Amino acid sequence: MIPLQLTLHNFFSYQSACLDFSGLHTACICGENGAGKSSLLEAISWVVWGKSRASSEDDIVRIGQKEAWVDFVFESQGQVFRIKRSHRRGQSSSLEFQIETGQGFRSITGKGLRATQQKILEQLKLDYDTFLSSAYLRQGQADEFMVKKAAQRKQVLVDLLKLDHYDQLAERAREIAKQGKTEEKLLQEAVTRLEMTLAADPDLEKDLQDVAAQVAELQAQQSQRTDRLQDLQHQQAQRQRWQHQLDWAAAQGERLQEDYERDRLQQEQLQAQQAQLTAVLEQAVEIERGYQEYQRLLSQERDWTERFSRYQDASQRESRLRQELDGRKLELQQQLHQEQAQLQACDRQLDQLQQSLQREPQIQAGLAQLAKAKAQLQEMEHCYSQAAPLQQRQQRLQGERDRVRAQLEARLEQLQQRQAQLEQRQAQRPQLEEALAQVSEQIEALDKLRVYHKRVKEKGLERRSFLDGLHGSLQEQQRRLEEMEQKRSLLQTPDAACPLCDRPLDEHHWQLVAGKHEQQHQELRHQQWLIQEQIAISEREIQVLRQEYRQLEQQLGDYDRLREERGQRQAQLAATQEEWDLLQKLHAESQELAQALAEGDYAPGIAEELASVEEQLAVLNYDERELALARGAVERYRWADLQNAQLEQSRRQMQQLQEQRPELEATVAVREQALQELASEGETARELRDLQQYIRSLDYDVEAHRQLRQQLDQAEGWRSQWQLLENAQQALPGVKTQLEHLAERLEGRQRELEQWRAQMQETQAALADSPDCSQEMAQVQAQLEQGRSHLNERSSQLGRLQQQQQHRQAQQAHLEEQRQQLARSQRQHRVYQELSQAFGKNGIQALTIETVLPQLEAEANQFLARLSANQLHVQFVTQRASKGSKKSRKLIDTLDIYIADARGTRAYETYSGGEAFRINFAIRLALAKLLAQRSGAALQLLVIDEGFGTQDDRGCERLVSAIEAIAPDFACILAVTHIPHLKEAFQTHVEVVKTDAGSQVCVSH
C-alpha cells in the first residue's frame, strides 16, 4: 500500500486538511505535542480498517461538528484505489471503495459495509492487526516484545504470527476425535445387535408358498363373482335406459303442455285486444263530431293569429317611423351646429394663415442649408447601398454559423447527459454481478440441499418400510410365543404327553422336552425384545428424518424465486453490456464534437464565405457613424422644407377659405329652414299618420284571442281520440289474422300431446317387462367385498412375509455397511488424534517458530548493524536446560534473547535507553518485514511514531542513517517526531500546526 493523497474533514483536531504524498519518499511529520501528528496516521488506519485509538466512533468527530469523513487515495499492486469512510454522530458509518480507470474512479463498493471491508482486505492482503505489528510502529510499543518474560515472548510471537489459529484447529480435531470415539462405540453396538438379529433364521419360504396358494384361489373366486356381476349390471343398465327414456318422455310432455298453455294465453290476450279495438270503433261518430269542432276552433285561432301578426307589424312600423323622425330632426340639428362651427373655424384659420406668411425670409435661409446637407447625404448613402447587402450577408452568415455551433453544443450536451446516465448505470454493473454471483451461490447451495432432501426422503421411506417389517416380525414373534406358552402349559399337566408326537413322556424325556421349550421360550423373548428395541430406534430415526425433511422444505421454499431472480439479473447484466457498447460510441462522438467546438472546426463553407464578405467590407471603408452624422444634419434642416411646404399650403388654404366662407353662410340658412319644415310637411310625418289610421282599422282584441285559445286547449283531447280511432281501424285486421293462426297452432299442439301419451304407455310397458336385478347385484357385490377383504388380508400377509424377507436382506446389507462405517470411524479417530497433536504447541506451531526465528534474527541483526555501526548483535534461543542435577536435567521450551556488544554478552535490561531503543527498533523492523511477507503483501509503507528522545545526537544520526539505508526497501517512510535536530536530519517535512480553525498540514522540502 503506497499512499498518494489523504483528505480529512472534522477528524479529531482537523477541520479540513489535505496531504499530498506525491514526491514523499522519506519524510518527517513534525510539530508540537498535541498538534495532530499521530491523528494523520490514525486517519489512515480508520479509513482503511475502520479502527483507531478512539473508544467510540463518535469520538473521532471534531468537537462541535456532526459528521467526519476521510478520503484516502493509494496504490496497490500497480493499481490506484480510493477509499472514503464517513461517520455521523449517533449513526452507523458509510464506506465507499473505488478503482481508477481511464474515465476516472469507478465504484467497486460491495453490498453493505462488511462486504466492502472484505473487498479492501482482499486487495491489500493486510488486516489491521498485521498493519499495527508491521507497517505502523506506534508510540510506546517498540519494546513490547522485549519487556516480556522469556516464557511469554513465545506467546507474543505466536500472536503476531497468528499461530493461535492452529490452537483452534487442534481443539476442533480433538472434538472430532472424541465424536469419532463415541460414534465408533455406537457403531460397534449396532453391529452386535444386527449380528444377533440375523442369527435367528425363521423359515419364511414355506409360509410364503402357503399364503401365495391361498391368494391364487381367492383371486379365481373373485373372477367368477366379477363375471356374474357384469351380467347383472348389463341387465340393470337396459332397465335404466328404459327408465331414462320414460323420464325424457315425461319432460317432453311437460314442455308440450307449457307450449300449449303459452299459446292459449296469447290467444286470450289477442281476444282482449280485439274487444278493445271494437269498442273504439263503436265510438267513431262521436269522435268524428268532436274532432270537427276541434278543427273549427283551430281555424279561428289561425285567423286571430294572422290578425295579431299584422297588428304587431304595424305597431313596430309606427315605432320605427317615430324613431326615424326624431333621428332626422337630431341629424339636422347636428349638421346645423357643425356648419356654424365650420364658419367660426374658417375665421380663426384665416387669422393664423396671415401670421404664418410673415416667416417666409427665415424659411428661405433654412432651405439653402438643407440642399447642402442633402448633397453630402446622397454621397454617403451611395456607399451605404454597396455596404448594406454585404453587412446583411455577414450577419446572416454569422447567424448561420452560430446556429450550427448551438446545434453542436446542444448535441454535445445531449450526448454528455446520455453518457452520464449510461456511466451511472454502468457503475451498478459490479453490484449486478455480485448480486448474480450471490444468487447463483444460493441456487447452487439449494441444489445441493435438494439432492440431500431427496436422500432424506428416500431414507425416510426406507426406514418406514423397515419399521413395517419390524411390526410384522413382532406379530410373528407374538404368535410363536403364544404357541410356546400353550405347549408349556400342556407340559405342566400330570402324565403329560409330548406336544409334538403325542406320546407319553417319562421323567427324563419330560425334563429334556421342558428344558428345550424353556430355552426356545427365552430365545423368542430375547428376539422380541430386540425387535421392540429396533422399532423404538427406527421410530426415533423417522421422527428425526421428518423434522429434518420439514426444515429442508422450508429452506427450499425460495428456490423458484431465486431462479427467477437469477434470470432477471442475467437479463439486466446483458443489457448493461449493450449499454457499455453504446457508451463507447457516445464517448467517441462527444470527443469529436468537443474538439470541433474548441478549434472552431465546423461549418467550413460558411466560415470561408464570411471571411470573403469581411474583406469586401474592408475595401469599401464604410463608416456608419459618418452616415449617421449626415442624416442628422439633413434632419436638423428638414424643418425648412416642411415649413416651406406649409407656407405654400397656407397660401392655398387662405384662398380656399376666402372662397368657402360665403357658401358656409348660405348653407347655415338652408339648414335652419329645413329644420322648421320637417316637423309639419315631411314625408315621414305623413306616413306616420297613415299607419296610425291602419292600426285602428284592424280591430284586434287580445282578450277574445285568449278565450279562443282556452277553448282550443279543452278540445285538444279529441285529436288523441281521433288517432286511437285510426290506429284501431288499421290494427283490427292483423289481430283477427293472428287469432286464426293461433287457433290452428293450438290444434297441432293438441295432436302432439295425444302422440306423447301413446309413447308414454309403450315405454311404461317395456319398463314393466325388464326385471330389477338390484337385490341380486347387492348380494354379489357383498360377496365380492367379503372375498376382497379375505384377499386383501392374505395379500397383506403375503406382503408382510415378502417384506420380512426383503428386510432380512436389507439388514444383511446394512450390517455390511455398518461394518464399513465402523472401520472408517476407527480410521478417522486415529487420524484426528494425530492431527490434534500436529496442530498443538509442540507440532506445527513449534516448527513454524523454529523456521521463523532464524529469519527474524538475521533481519534484526542486519538492521541493528546499521543502527549501531556493527557494535550490537542479537541472538534468539528457543531451548535451555532445566535446573537440577545433570541426570535430571532436561530441555525446556523458551525464547531467550541474548545481546552482545564489544564488552560481551549481557542482559537487555543493562543497556542504556538509547541502545535499548535501537535494539527494540531493529527487532521491530525485522518483525514488520517478516509479518508483511507472511501476509502475502509487500511492505511498501513504514510509519515510525516513536519517541526518539532517548537518543543522543550521534544516536539520532545513526537512526536517520539506518532509515535512509532501508529506504530503498520501502516506497514511503514516515517518521513522527517533535525534536528539532532530528527534524533537520530529514529533507522533506510535513509540518502540523494547530490553529483556532483546526490542525493544518504543510509540506516543505
Side-chain angles (χ1 to χ4, degrees), residues 240-309 312 700-768:
Q240 289 177 353
R241 283 195 294 271
W242 286 113
Q243 183 65 44
H244 291 163
Q245 188 174 357
L246 182 62
D247 295 340
W248 178 84
Q252 185 72 10
E254 291 178 359
R255 184 181 62 80
L256 290 173
Q257 188 67 35
E258 291 176 356
D259 293 343
Y260 178 80
E261 292 296 332
R262 184 170 57 255
D263 292 342
R264 190 179 58 79
L265 181 60
Q266 186 176 1
Q267 184 183 31
E268 292 177 355
Q269 293 175 352
L270 288 173
Q271 290 173 352
Q273 185 178 1
Q274 183 182 13
Q276 292 176 358
L277 295 175
T278 304
V280 172
L281 291 174
E282 290 175 353
Q283 298 175 1
V285 177
E286 183 179 359
I287 292 174
E288 289 177 356
R289 188 183 303 110
Y291 184 69
Q292 289 175 0
E293 178 65 19
Y294 169 75
Q295 292 292 333
R296 186 184 63 79
L297 292 174
L298 183 62
S299 177
Q300 292 179 1
E301 200 277 333
R302 290 196 190 100
D303 294 340
W304 277 97
T305 301
E306 183 178 359
R307 190 183 302 177
F308 169 74
S309 178
Q312 190 175 16
Y700 175 73
D701 189 356
V702 177
E703 181 63 25
H705 192 188
R706 184 182 63 78
Q707 292 177 0
L708 180 61
R709 285 181 177 175
Q710 290 179 355
Q711 293 175 4
L712 183 62
D713 292 338
Q714 292 174 0
E716 185 71 26
W718 291 109
R719 187 176 65 174
S720 60
Q721 292 291 331
W722 176 259
Q723 292 176 354
L724 289 176
L725 179 62
E726 289 180 345
N727 292 335
Q729 291 173 352
Q730 295 174 0
L732 185 59
V735 172
K736 291 181 178 179
T737 303
Q738 290 182 6
L739 284 173
E740 292 174 358
H741 290 321
L742 275 177
E744 294 176 358
R745 194 161 56 192
L746 284 172
E747 291 179 1
R749 300 289 188 198
Q750 188 66 33
R751 289 193 298 271
E752 290 178 359
L753 285 172
E754 291 175 356
Q755 293 175 1
W756 167 74
R757 293 189 184 95
Q759 184 180 358
M760 284 288 292
Q761 292 176 359
E762 293 177 359
T763 306
Q764 290 173 354
L767 181 62

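Note that the coordinates shown come from a computational prediction; the quantities given were computed from them, not determined experimentally. Values reported hereafter were calculated over all heavy atoms of this structure, with side chains retained and with hydrogens, waters and symmetry mates removed.
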What's the spacing between Leu298 CG and Asp303 CG if we round to 0.5 Å? 10.0 Å
Please determine if Arg289 and Glu286 form a salt bridge, counting it only when a charged side-chain N lies under 4.0 Å from a carboxylate O. no
Within the distance-only criterion (no hydrogens, no angle test), does the side chain of Ser299 pair as donor or acceptor with the backbone N or O of Gln295 below 3.5 angstrom? no
Flag the pair Arg264 and Glu268 as a salt bridge only when some basic side-chain nitrogen lies within less than 4.0 angstrom of an acidic carboxylate oxygen. yes
Summary of salt bridge (charged side-chain N to carboxylate O under 4.0 Å, His left out) pairs that have at least one residue in residues 729-747, sequence neighbours excluded: Asp263-Arg745
Separation of Gln266 CD from Leu739 CG (nearest 0.5 Å): 9.0 Å
Distance col, row Glu261:CD vs Leu746:CG, nearest 0.5 angstrom, shows 9.5 Å
